[in-house]
Each structure stands twice: as structure tokens, then as C-alpha cells.
Enquirer: 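Encoded as C-alpha cells, here's the structure I'll be asking about.
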Amino acid sequence: MRVAIAGAGLAGLACAKYLVDAGHQPIVLERRDVLGGLVAAWKDEDGDWYETGLHVFFGAYPNMIQLFKELGIEDRLQWKQHALIFNQPEKPGTYSRFNVPDIPAPFNVIISILRNNDMLTWTQKFKFAIGLLPAIIRGQQYVENMDQYDLLAWLEQQGIDERVNSDIFIAASKALTFINPEDVSATIPLTAINRFLKERYGSKVAFLDGSPTERLCQPMVEYITEKGGQVRLNAPLKKIMTEEDGTVKGFLLRGLNGAADEVLTADAYVSAMSVDALKLMLPAPWREQTFFKQMSKLEGVEVINLHLWFDRKITEIDHLLFSRSPLLSVYADMSNTCKEYADPNKSMLELVLAPAKDWIDKSDEEIIAATMAELKKLFPNHFDSDNQAKLLKFKVVKTPRSVYRAVAGTQSYKPTQKTPIDNFYLAGSYTKQEYLGSMEGAVLSGKLAAKAIAQDYPATKQLDKEIAAVGI
Ligand SMILES: Cc1cc2nc3c(=O)[nH]c(=O)nc-3n(C[C@H](O)[C@H](O)[C@H](O)COP(=O)(O)OP(=O)(O)OC[C@H]3O[C@@H](n4cnc5c(N)ncnc54)[C@H](O)[C@@H]3O)c2cc1C
């Protein structure tokens with residue numbers, strides 16, 4: 001059965017991968033000339049990679065890890081020491097580590113918290129633990145119900161003091177969703193904490209050994225095409241064409257460089273585009289339906305990814321770092337963390353700027369100047385002395401609409417992969433799945449969309465259709 005999928009981000013590619021596994025023929029149509037959507041990466045004029053986002057994988061990503069295994073590329077995940085590392089703004093140039101011992105969950109995480117005396121006092125640790133009890137005992141349903149509160153309100157309600165918020169939750173909230181605790185749904189950090197408390201290696205971090213486009217998306221394309229599917233770049237969906245009964249008649253693709261538009265027909269259709277792109281393209285009759293109407297509550301959040309190349313090593317740390325800076329979120333020295341970006345003598349810092357609402361329209365030069373001011377606080381030794389580290393070059397990648405803005409009260413608006421339209425499905429990290437707006441969420445959503453299609457179009461139903469078509 002032919003399935004047309006618009007969007008070659010991780011969700012669209014995962015959907016195609018699981019459809020070929022189920023014996024179907026997906027055709028993935030990507031608007032741009034690069035694979036990966038929010039994980040897309042490019043090479044600059046010197047052959048250095050720059051990316052849409054600094055991406056890390058967690059041990060608590062079962063669908064992603066299974067996908068790596070199925071593609072035979074598991075060795076491309078470079079697992080780091082089991083720890084979370086935070087900068088200490090009050091002591092510039094120093095770090096506070098939560099080292100997670102190799103013992104069963106949740107004791108490993110609890111011990112890592114108890115052992116850390118830089119960030120939390122014993123009273124704060126105690127109140128924090130008590131505050132988390134309902135989430136631990138009552139599980140995911142409690143976590144989902146907490147979507148009615150923003151994180152700050154939830155922390156206040158649990159009696160967890162402001163210091164825990166400023167020390168840990170601002171950093172976590174910015175890292176997970178690119179917004180601050182006064183906006184983010186309490187469900188988001190609670191979901192992450194719950195997973196970390198349940199799985200022994202849940203909070204362990206891995207970096208890919210090269211660019212996601214080449215090292216993850218390309219093998220997915222090879223897998224899909226070897227099994228009879230197709231992936232087409234420069235194939236933008238222009239319009240979803242509908243029949244009188246509202247089902248999809250075809251995908252109209254915009255012809256590029258003077259070429260005519262093309263109508264592509266299939267047995268089923270999937271949008272694996274971002275929610276913002278899909279909303280612009282919804283056929284008029286669908287917009288009246290509650291299922292699609294609710295999507296108006298979902299929209300992508302601004303984020304900026306920065307790359308700064310220096311003339312020397314700024315740090316030897318081979319790990320993800322939480323900057324705890326008001327301007328920046330997480331960062332890493334990719335010359336240490338990623339095999340293909342490795343350099344023994346020079347650093348390439350990749351940093352996420354979030355929240356980015358007030359920065360997205362600023363010039364690259366303004367953004368870099370503000371970032372350098374923050375780096376002086378993070379690495380005083382390299383920027384305050386006479387012998388200052390020299391910035392060799394930089395790249396700024398702005399994404400005005402990235403993952404959906406996970407503010408309080410939005411969880412229930414996330415659509416399922418199966419839609420009220422018989423032959424139309426959704427994939428994307430913004431759809432209903434249990435892993436936040438993440439790479440894991442994108443892969444799981446693609447898998448769930450493929451599963452829904454395989455259930456609706458089992459092999460026998462397809463055979464009936466083929467028999468009817470040849471008139472037997
Ligand atoms: C800065 C940053 C850092 C991040 N860090 C992490 C991290 O550390 N860990 C983690 O798990 N997640 C992280 N994420 C989130 C993760 O990247 C996303 O959740 C995931 O990649 C989303 O995949 P998707 O397929 O759902 O959507 P997208 O990647 O948005 O894919 C949608 C695709 O649809 C295409 N498209 C749009 N319109 C059309 C059209 N008209 N026709 C055809 N195609 C179209 C787009 O070009 C795109 O390729 C990060 C994201 C960013 C931006």
C-alpha cells in the first residue's frame with residue numbers, strides 16, 4: 001500500500017521506517033534540501049558542521065535506542081559518564097555535579113542528590129523529596145493532571161522553595177522546553193523526573209558521533225529505500241486535496257524552479273510536518289472539526305543554536321553542561337563530546353540560547369556579543385586574563401518555531417496520530433505520546449502513526465482492494 005508522508009524530520013522518517021517493516025510503500029516528501037527537520041545540520045565553507053540544535057540522547061529513550069539497534073548503528077551513540085553537571089554562577093568557572101552511582105533506580109538518583117551539597121541544603125533536599133512523592137506514588141496520571149499548573153505554581157504548592165527553582169528547575173525547564181518555569185507545564189519536568197527515577201540509566205546522556213543528518217537520518221533513508229520506500233527532498237507539500245466526503249484525494253506538491261506542480265496520490269496520507277506548517281495547510285472543512293480546531297492552541301517556540309570556534313581548548317569536559325545563565329540553556333564543547341567534531345587543540349562550543357523570544361529578531365553580531373559576555377562568567381580564566389581566548393568564527397541558527405510551546409494547559413490539545421479523516425494520519429513530536437517534544441517523542445509518534453495505518457489497512461484489506469481494482 002502506498003503512503004505519502006509530508007516531512008522528513010525524525011517523525012516522518014520513523015513512520016516510513018516502520019511502514020516498510022509492515023510491508024507498505026511509504027513516499028516521504030521533504031520541503032527542504034536537507035533531511036532531519038529540527039535535527040538538520042550543514043557543513044560550512046571550511047567543512048565544519050553546524051546544526052539546528054545541540055542534541056543529546058537519554059538512556060530513557062527506549063524507542064530511539066531500539067531504532068539505533070534496528071538500523072545496526074548503535075555504536076554511534078557515545079555514552080558519557082552518568083552525571084548531570086551544572087555551572088555555578090555564584091562561583092564563576094566552577095561546576096556542581098550530580099554523579100549517579102551504578103546501582104538500581106531510584107536509589108542511584110536519590111544518592112546523587114543527597115551527595116550534592118553545592119546546590120541544595122539538607123532542608124531543601126528533604127522538601128524537594130517530599131514534594132516529588134505524589135508523582136512517584138501516583139505515577140503518570142498524577143503527572144498528566146499537573147498540566148493545569150505551571151511549574152512555578154506547582155513548586156509553590158508543594159512547599160519547595162525558590163532556591164530549588166533557581167538552582168535546578170530554571171535550568172531543567174529551559175533545557176527541556178526552551179521556556180522558563182513560570183510558563184512551562186508542571187507535567188513536563190515531572191515526566192522527565194519520573195523516568196529518571198524509574199530507569200537505572202534513564203538520566204545517562206549520549207551524544208551522536210557526528211551530524212544527525214548524516215549519522216542518523218541517512219541510515220534511516222537507506223533502510224527505507226532498500227525496502228521499497230522513497231524519500232524525496234525539495235518536494236514541498238503545497239495543498240492537501242480533498243474529496244467531497246472530506247477524505248484526502250491527493251497531495252499537491254509545489255513545482256520548484258519553474259517546474260509544474262505535481263499531484264501525488266496514495267492509499268493513505270501522513271502529515272509529519274510541524275504543527276505550525278500543518279495548521280496553515282488544513283483544508284477548510286477540517287478546520288471546523290474539534291480535533292483540528294484544538295491545534296490552534298499549539299505553536300512552535302523560538303530557539304537559537306550557537307556555534308563558537310575558539311583558537312584553544314576552553315574546557316576538557318566531555319559532557320552536556322547546564323549553564324544556569326539567564327541568556328543560555330545547555331551547552332557542550334563538541335570538540336570533546338563528538339567524534340567527528342573532535343579537535344585536541346581547539347574548542348567548538350555549541351550552545352542553546354533560550355528563552356529566545358527577545359533575541360530571535362536581533363542580529364547575529366548582537367547575539368554573539370551577549371553570548372561572549374556570558375562566556376566570560378562561565379570561563380573567567382580564558383576571557384579575563386591578558387592572554388584571552390580568540391573567537392575564530394561563529395554560526396547562529398535561529399528557529400522561530402521549533403518544538404511546540406509546552407505551556408500549562410496544552411497537554412490535552414495534543415492530537416492523536418489517528419485523525420477523524422479516514423485516510424489521514426499525524427506524526428510529529430507535538431502529537432500525543434508520552435515523551436515530550438523530543439527526538440524520542442518524534443520517533444515514537446512516527447511509530448504510532450505507522451501502527452495506526454497498519455491496523456487500519458491490514459494485508460487482507462489491501463488484497464481485497466487490489467482484487468477489486470483488477471476486477472477479479
Ligand atoms: C535547539 C534544539 C535543541 C534540541 N535538543 C534536543 C535534545 O537534546 N534532545 C531531544 O530529544 N530533542 C531535542 N530537540 C527536539 C527535537 O529536535 C525535536 O523534538 C524533533 O527533532 C522533532 O521532530 P519532528 O519530526 O516531530 O519535527 P520536525 O523536525 O520539525 O520535522 C518536520 C519536517 O517537516 C518538513 N516540512 C514542513 N513543511 C513542509 C511541507 N510543506 N512539505 C514537506 N515537508 C515539510 C520540515 O522541513 C521538517 O523537515 C531540540 C530541538 C531544537 C530546535
Side-chain angles (χ1 to χ4, degrees), residues 4-16 27-41 50-58 60-61 63-65 174-178 192 205-208 212-213 216-217 220 231-240 251-254 256 264 269-281 300-307 320 328-332 337 350-354 356 396-404 406 414 417 426-431 433 435-446 448-449:
I5 303 171
L10 289 175
L13 291 173
C15 181
I27 304 147
V28 184
L29 306 156
E30 168 56 44
R31 175 173 66 92
R32 301 195 292 177
D33 61 359
V34 59
L35 295 166
L38 293 178
V39 303
Y50 60 100
E51 311 182 323
T52 313
L54 167 63
H55 279 88
V56 296
F57 299 76
F58 283 97
Y61 278 8
N63 295 285
M64 181 61 99
I65 292 169
K174 277 162 58 122
L176 290 169
T177 59
F178 315 135
V205 163
F207 283 73
L208 195 58
T213 310
L216 173 57
C217 299
M220 291 173 85
V231 179
R232 287 173 55 184
L233 296 178
N234 299 312
L237 176 61
K238 181 178 172 185
K239 189 178 172 193
I240 300 171
F251 272 176
L252 182 66
L253 306 181
R254 185 183 303 282
L256 298 181
L264 189 131
Y269 300 84
V270 180
S271 164
M273 303 182 289
S274 66
V275 69
D276 304 284
L278 173 63
K279 280 192 299 189
L280 292 175
M281 220 168 279
V301 63
E302 310 83 358
V303 70
I304 301 176
N305 203 50
L306 306 167
H307 311 72
L320 181 74
L328 305 167
S329 171
V330 283
Y331 68 101
T337 55
E350 192 166 333
L351 310 105
V352 179
L353 190 160
V396 176
V397 182
K398 295 176 176 175
T399 305
R401 287 172 185 263
S402 68
V403 293
Y404 82 97
K414 290 166 72 176
Q417 291 72 34
L426 300 177
S429 68
Y430 71 91
T431 61
Q433 43 76 22
Y435 285 94
L436 317 180
S438 63
M439 295 187 285
E440 169 71 7
V443 167
L444 176 57
S445 74
L448 291 172

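Both counts, for ligands and for their atoms, begin at 1 and track the order of listing. A quick note: this is a predicted structure, and the numbers were derived from the prediction, not measured.
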Enquirer: Considering A332, S438, G37, A11 one by one, which has a heavy atom nearer to atom 48 (C) of ligand 1 than any of the others?
Expert: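 Residue with the shortest heavy-atom distance to the ligand atom: G37.
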Enquirer: Can you list the atoms of ligand 1 that are under 4.0 Å from a heavy atom of P236?
Expert: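 Ligand 1 atoms under the 4.0 Å threshold to P236: 42 (N).
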Enquirer: Starting from atom 6 (C) of ligand 1, which protein heavy atom do you reach first, and at what distance in Å?
Expert: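 Among all protein heavy atoms, the one nearest atom 6 (C) of ligand 1 is H55 CD2, 3.2 Å.
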Enquirer: Under a 4.0 angstrom heavy-atom cut-off, which atoms of ligand 1 come close to L29?
Expert: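 The list of qualifying atoms is 43 (C), 44 (N).
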Enquirer: So which heavy atom in the protein is nearest atom 44 (N) of ligand 1, and how far is it from that ligand atom?
Expert: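 Ranking protein heavy atoms by distance from atom 44 (N) of ligand 1, first comes R31 N, 3.1 Å.
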Enquirer: Looking at G437, which atoms of ligand 1 are within less than 4.0 Å of one of its heavy atoms?
Expert: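 Counting atoms of ligand 1 from 1, those under 4.0 Å from G437 are 15 (C), 19 (O).
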Enquirer: Which atoms of ligand 1 are found less than 4.0 Å from any heavy atom of V39?
Expert: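 Those qualifying, in numeric order: 17 (O), 21 (O).
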Enquirer: Return a yes/no value for A442: is any of its N or O atoms, backbone included, closer than 3.5 angstrom to an N or O of ligand 1?
Expert: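 Between A442 and ligand 1, no N or O pair is found under 3.5 Å apart.
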Enquirer: Go through ligand 1 atom by atom and flag the ones less than 4.0 Å from a non-hydrogen atom of G53.
Expert: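 So the answer, numbered in order with elements, is 1 (C), 2 (C), 3 (C).
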Enquirer: For atom 53 (C) of ligand 1, what's the nearest protein heavy atom and its distance?
Expert: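 Minimum-distance protein heavy atom for atom 53 (C) of ligand 1 reads V303 CG1, 3.6 Å.
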Enquirer: I'd like to know whether ligand 1 has Y61 as a neighbour, heavy-atom separation below 4.0 Å.
Expert: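 In this structure, Y61 qualifies as a contact of ligand 1 - some heavy atom is under 4.0 Å.
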Enquirer: Geometry only, no angles: is M439 polar-contacting ligand 1 at N/O separations under 3.5 Å?
Expert: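 Yes; the residue has a nitrogen or oxygen that sits under 3.5 Å from a nitrogen or oxygen of the ligand.
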Enquirer: Looking at T52, which atoms of ligand 1 are within less than 4.0 Å of one of its heavy atoms?
Expert: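 Near T52, meaning under 4.0 Å from one of its heavy atoms, ligand 1 has 1 (C).
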Enquirer: Looking at ligand 1, would K238 count as a contact under a 4.0 Å heavy-atom criterion?
Expert: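 No, K238 has no heavy atom closer than 4.0 Å to ligand 1.
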Enquirer: Which of the atoms in ligand 1, numbered in the order shown and given with their element, are less than 4.0 Å from a heavy-atom of G428?
Expert: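 Those qualifying, in numeric order: 26 (O).
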Enquirer: List every atom of ligand 1 that sits less than 4.0 Å from any heavy atom of S429, numbering the atoms from 1 in the order shown and giving each element.
Expert: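 Per the distance check, 19 (O), 22 (C), 26 (O).
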Enquirer: Quiz question: by atom type and distance under 3.5 Å, do the side chains of Q417 and T431 form a donor-acceptor pair?
Expert: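 Q417 vs T431: donor-acceptor pair found between side chains.
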Enquirer: Run down the list L237, T177, L351 and name the one with the heavy atom closest to atom 41 (N) of ligand 1.
Expert: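 The residue whose heavy atom sits nearest atom 41 (N) of ligand 1 is L237.
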